[in-house]
Number of protein chains: 2
Amino acid sequence: MGKEVQRRRDLIAATIREIGETGTLSVTVGKIAKRAGVSPGLAFHYFGDKEALFLAAMRAILRDYGDEVRAALAGADTPAERLEAIIGASFAESHFRDGAVAAWLNFYVLAQTSDEAARLLALYHRRLHSNLVHDLRPLLGNEAPCAARRMAALIDGIYLRFALTRDAVDAAPAAEEVRAALATERAAAEAAQSA
Amino acid sequence: MGKEVQRRRDLIAATIREIGETGTLSVTVGKIAKRAGVSPGLAFHYFGDKEALFLAAMRAILRDYGDEVRAALAGADTPAERLEAIIGASFAESHFRDGAVAAWLNFYVLAQTSDEAARLLALYHRRLHSNLVHDLRPLLGNEAPCAARRMAALIDGIYLRFALTRDAVDAAPAAEEVRAALATERAAAEAAQSA
DNA sequence: TGTTTAATTGACTGGTCAATCAATAATGAC
DNA sequence: GTCATTATTGATTGACCAGTCAATTAAACA
């Protein structure tokens, strides 16, 4: 029965929206359920408890991000194009829409104490790192793993800053900064090679 | 009377510790007061409400960080030494001790909705950026402001990763990654100059 | 010492909320 | 249409908590 799938989807969407509006994880399940157009009991019926509901929402966000990356990578051939695809997907508008930002921030908080959240976060870290290394290697050689760690952290750091800067609505400059960092890495690598 | 100063200090320290242990901002003022060895009422008497208490704690953390940076800068002469001082202070052990990590994460969450938290965060951003530009300029010239933005975001991103990675206890590798990024920036700048 | 003033207490209130569960409605099988 | 199964409700419970305030204690001072 697709009923359950639809309800779960609705509840997850409502969770993200609600967290986005209040900014915190301390939204009530009642509010979320109301927004989804169901009774509070149903949220517990499908997800068990509040934390599980939030983690399901976070999993959905991470899945969307993964899909976006994969789609972007599909149309990219060269390493440089693939890196551009990763950067583009990382700062896609969907990453800033609705409650995605608020969800991420609260996800970080939860990752301190929830094993499942920590697991999910580590998964995201590994995926991003492995994607970056794969496409940096042809450009930077042995420096690739280190550069990938830097770029991954930079992506997170820039996201954080743009997400938390009140006036910043347009994410384009964020991606631009990562591109500039990549250019710097390539310039440094080239200089090292010719030395 | 120094009594009030002492009590405020105790309450702030207890707040940071308590947040550190639970990981969240949803600690009760009662628990904090108990840890500080006073009654719940006193916390409200001195700080007004819970948010003000947390913001006072965050201000204390930011002040400590500022002191640390200033002290490190005092013993540094060359731009390179000063940059090293900033990096060292940014990953000082005190930044990972007690509830500093948890406080920072919850601070980010709060910055979405609290004007005062957003103000404090912007202040931190400005200070760091201005320090970095000041000492990057002699090394990188016009590239300094851009490189400073990258380095600032990188510091935040790396802090985030190290703070949230379960097994990482030692912050030394974190600082090392920022140093490597700085070296990359310098190498790229040198290459650009000779071109 | 007695008196004023400041510091501190902790019981209390009003409200909130996660989670439960018994009851009801919808769905589908035969 | 009857019955069984599944989906859904929403009232309820029990616990918790921010913030208040009247009462108490300690400090300061004359």
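The model shown is predicted, which means the values in this text are computed figures rather than measured ones. Here is the naming used below: chain letters follow the sequence lines, and residue numbers restart at 1 for every chain.
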Student: If the helix axis at each end comes from five base pairs, how far does the helix from C:dT1-D:dA30 to C:dC30-D:dG1 deviate from straight, to 10°?
Tutor: 10°

Student: Does this structure show an ion pair linking B:E116 with B:R59, if we count only N-O contacts that are shorter than 4.0 Å?
Tutor: yes

Student: Charged N to carboxylate O below 4.0 Å: is that the case for B:E4 and B:R7?
Tutor: no

Student: Taking atom P of D:dA7 as reference, at what distance in whole Å does atom CD of A:E4 sit?
Tutor: 6 Å

Student: Could you list, one pair per line, each protein nitrogen or oxygen that sits under 3.5 Å from a nitrogen or oxygen of nucleotides 9-11 of chain D, together with the distance?
Tutor:
from	atom 1	to	atom 2	distance (Å)
D:dT9	OP2	A:S39	N	2.8
D:dT9	OP2	A:S39	OG	3.1

Student: Could B:R179 and B:E84 be called an ion pair, given the rule that one side-chain N must be under 4.0 Å from one carboxylate O?
Tutor: yes

Student: Would you mind reading off the distance between B:Y46 atom OH and C:dA6 atom P, rounded to a whole angstrom?
Tutor: 12 Å

Student: Please report the distance, rounded to the nearest Å, between NZ in A:K34 and P in C:dC17.
Tutor: 12 Å

Student: Assign A:F47 to base, sugar-phosphate, or nothing according to its heavy-atom contacts below 4.0 angstrom with the strands shown.
Tutor: nothing

Student: Over how many whole Å does the gap from A:K31 atom NZ to C:dA18 atom C1' extend?
Tutor: 14 Å

Student: How are the rings of A:Y159 and A:H95 set to each other: parallel, tilted or perpendicular (split at 30° and 60°)?
Tutor: perpendicular

Student: Rounded to whole Å, please give me the gap between CD1 in B:I32 and P in D:dG19.
Tutor: 11 Å

Student: Within the side chain of A:D135, is there an N or O that forms a donor-acceptor pair under 3.5 Å with the backbone of A:R82?
Tutor: no

Student: To the nearest Å, give me how far apart NZ (B:K3) and C1' (D:dT25) are.
Tutor: 11 Å

Student: C:dA6 P sits how many Å from B:R8 CZ, rounded?
Tutor: 16 Å

Student: For the pair B:K34 and B:E18, find out whether any cationic side-chain nitrogen is under 4.0 Å from an anionic carboxylate oxygen.
Tutor: no

Student: Just to confirm, is there a sub-4.0 Å distance from OP1 or OP2 of D:dA18 to any side-chain nitrogen or oxygen of B:K50?
Tutor: yes

Student: List the steps and the verdict of salt bridge (charged side-chain N to carboxylate O under 4.0 Å, His left out) for A:E21 and A:R35.
Tutor: CA-CA 12 Å; A:E21 272 184 22; A:R35 187 181 279 261; 2.9 Å; yes

Student: Charged N to carboxylate O under 4.0 angstrom, B:R149 versus A:E176?
Tutor: no

Student: How many Å lie between CG on A:D49 and P on C:dC17, as a whole number?
Tutor: 17 Å

Student: For the residue pair A:W104 and A:Y124, is the inter-centroid distance of their aromatic rings smaller than 6.0 Å?
Tutor: yes

